[in-house]
Structure formats: structure tokens, C-alpha cells
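Hydrogens, waters and symmetry mates are skipped; everything else that's a heavy atom, side chains included, is used. Whatever order the structure lists ligands and atoms in, that order sets their numbers, starting from 1. Predicted, not measured: the structure shown is a model, and the values here were computed from it.
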Amino acid sequence: MAKITRSISAKKSSVPSVPKKVAKKAAKALPKPAKKSAKPKPWTPAEIHEAFSRFRQANPEPKGELDHLNPYTLLVAVVLSAQATDAGVNKATRALFAVADTPQKMLELGEEKVREYIKTIGLYRNKAKNVIALSEKLIAEFGSEVPRTRAEIETLPGAGRKTANVVLNMAFGEHTMAVDTHVFRVGNRTGLAPGNNVLEVELELEKVIPSEFMLHAHHWLILHGRYTCLARKPRCEVCLINDLCRWPEKTV
Ligand code: SF4
């Protein structure tokens, strides 16, 4: 194949050459190739403050949508929510948490029964195993309490950085930023916190969002992504921050 290509390109073209003057004129008449899209202008601190003031005004006390009774059940719910919807998790945990709302009760229930309660959730076998293992670890190493540091939470089976950030924020009021698929999309699309991966977006959001908004910022961004800045068809016409958003494809 390489040989053929070489022999063709080596041949002198049979197409008659265009006089330079004509070619220049034709080139001028052609539409100019679109410029490579420029990087959107970063948000100014005033714009960021404005955006979060609007979120706060619209929803002063945003709540997470995962049902839980205490830090332990929140931790379990977040572990179960990986690749599942909050509504699907809530449906399963309603009955589970009614009988097991502490690590000890979960252990007494046993892996098989936990599996039964959560079998409507994706990856339930593995998740049941993790729920039992993390309950054992909480009893053995943390006095049956959910630890308060990210590093410690991350040592629990099934819990990663995002789980730790959600628990630290919702159970203990820490200014953490859990980046899920919605927050990742909103951070990038709006230009508020562009990043190639969830960690980059998380760190950028933590850097640019004023402290006064950080307690609820995670929920505002999740809710914004879930109900307004939808993945396929963002509802730009009803978006609270449509004048500030940098997305070149926004529809307003
Ligand atoms: S204007 Fe559109 S793209 Fe921008 S944040 Fe709002 S909904 Fe999302």
C-alpha cells in the first residue's frame, strides 16, 4: 500500500496549474476557516459571588437527596449510590435503615440479608460486602463512629474521595466539594472550574468559591446540573446564571 501511495504522489499532477493571480482571488472569495475557539474568559470573583448569591436566594437551604438518619446511614447511602440514582438507593435503604442504623445492627443483620434489602441497586453483591466490611472496620477501629477526616473515611471499604467529601460536608459541615457527574459537567461547561478530571474540578471549585458559600455549594451545583444544566439539553432559558455562563453553545 505504501508503494502505491508513493508512486501516485511521485507522478506529476495531470491537473493544469491555476495562474497565481486567479488562485489568489479565489482564495480571497472563500470563507475564512473558523478560528480555533478561544479559551473562555475566566470568571471574575464578582461574577462568582453573583452566581452563588443567586443560587442562595433561590434555595437558601439546599438538601441532599439521599435519605439517611445519621452519619453512619449517610455513609452507607453514599457507598450504595455509586452508579445508581438517589431515588433508587432511597427505595432500598428505607427498609434497610429501619432495621439497621448502626454498624453493630448492620453486622447482626448479616451480608445475606443486606443483599436482599439492596438487590434493586446495581452492583448490589459487591456493595453488600462493602457495607458489612465498612461496618466491621468502624467498630474495630473507630469506636463505631464515622471518622471525621477524609484520609480515614477513604480507608473504609467502598468509600473513595467523593464519598468522604459528601459525608464530611453533609454530616459534619466541612467545606468540601464532592464532584459527581453533574458538578463535573457544570464546572467545565460554565467555565467556572474547568478541569480534565474530577480532582482538578474539585480543587478549582474549592479555590474560586468564596467560603461563605462553600457549605451549600456542592448541593447548589448538583441540583443545577440535575435539573437545569442537563447533560443533553440544558435549560438555558430558565437558568439563573445564563448571563454569566461561558458555554459557547448556551441557547440564550
Ligand atoms: S446557560 Fe445553559 S449551559 Fe450555561 S449553566 Fe445555564 S443551563 Fe448550563
Query raised in the report: With a cut-off of 2.8 Å, which protein N/O/S atoms are close to atom 6 (Fe) of ligand 1, if we only count those under it?
Result: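 Only Cys239 SG fall inside 2.8 Å of atom 6 (Fe) of ligand 1.
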Could [X] and [Y] be called an ion pair, given the rule that one side-chain N must be under 4.0 Å from one carboxylate O?
X      : Y      : value
Glu174 : Arg150 : no
Glu116 : Lys113 : no
Glu202 : Arg161 : yes
Arg246 : Glu47  : yes

Report task. Flag the pair Phe213 / His49 as yes when their ring centroid distance falls below 6.0 Å, and as no otherwise. Result ->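 Between His49 and Phe213, which both carry aromatic rings, the centre distance is below 6.0 Å.
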Report task. Sequence neighbours left out, what pairs pass ring pair (Phe, Tyr, Trp, His ring centres under 6.0 Å) with at least one residue falling in residues 63-116? Result ->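 Matches after skipping sequence neighbours: none remain.
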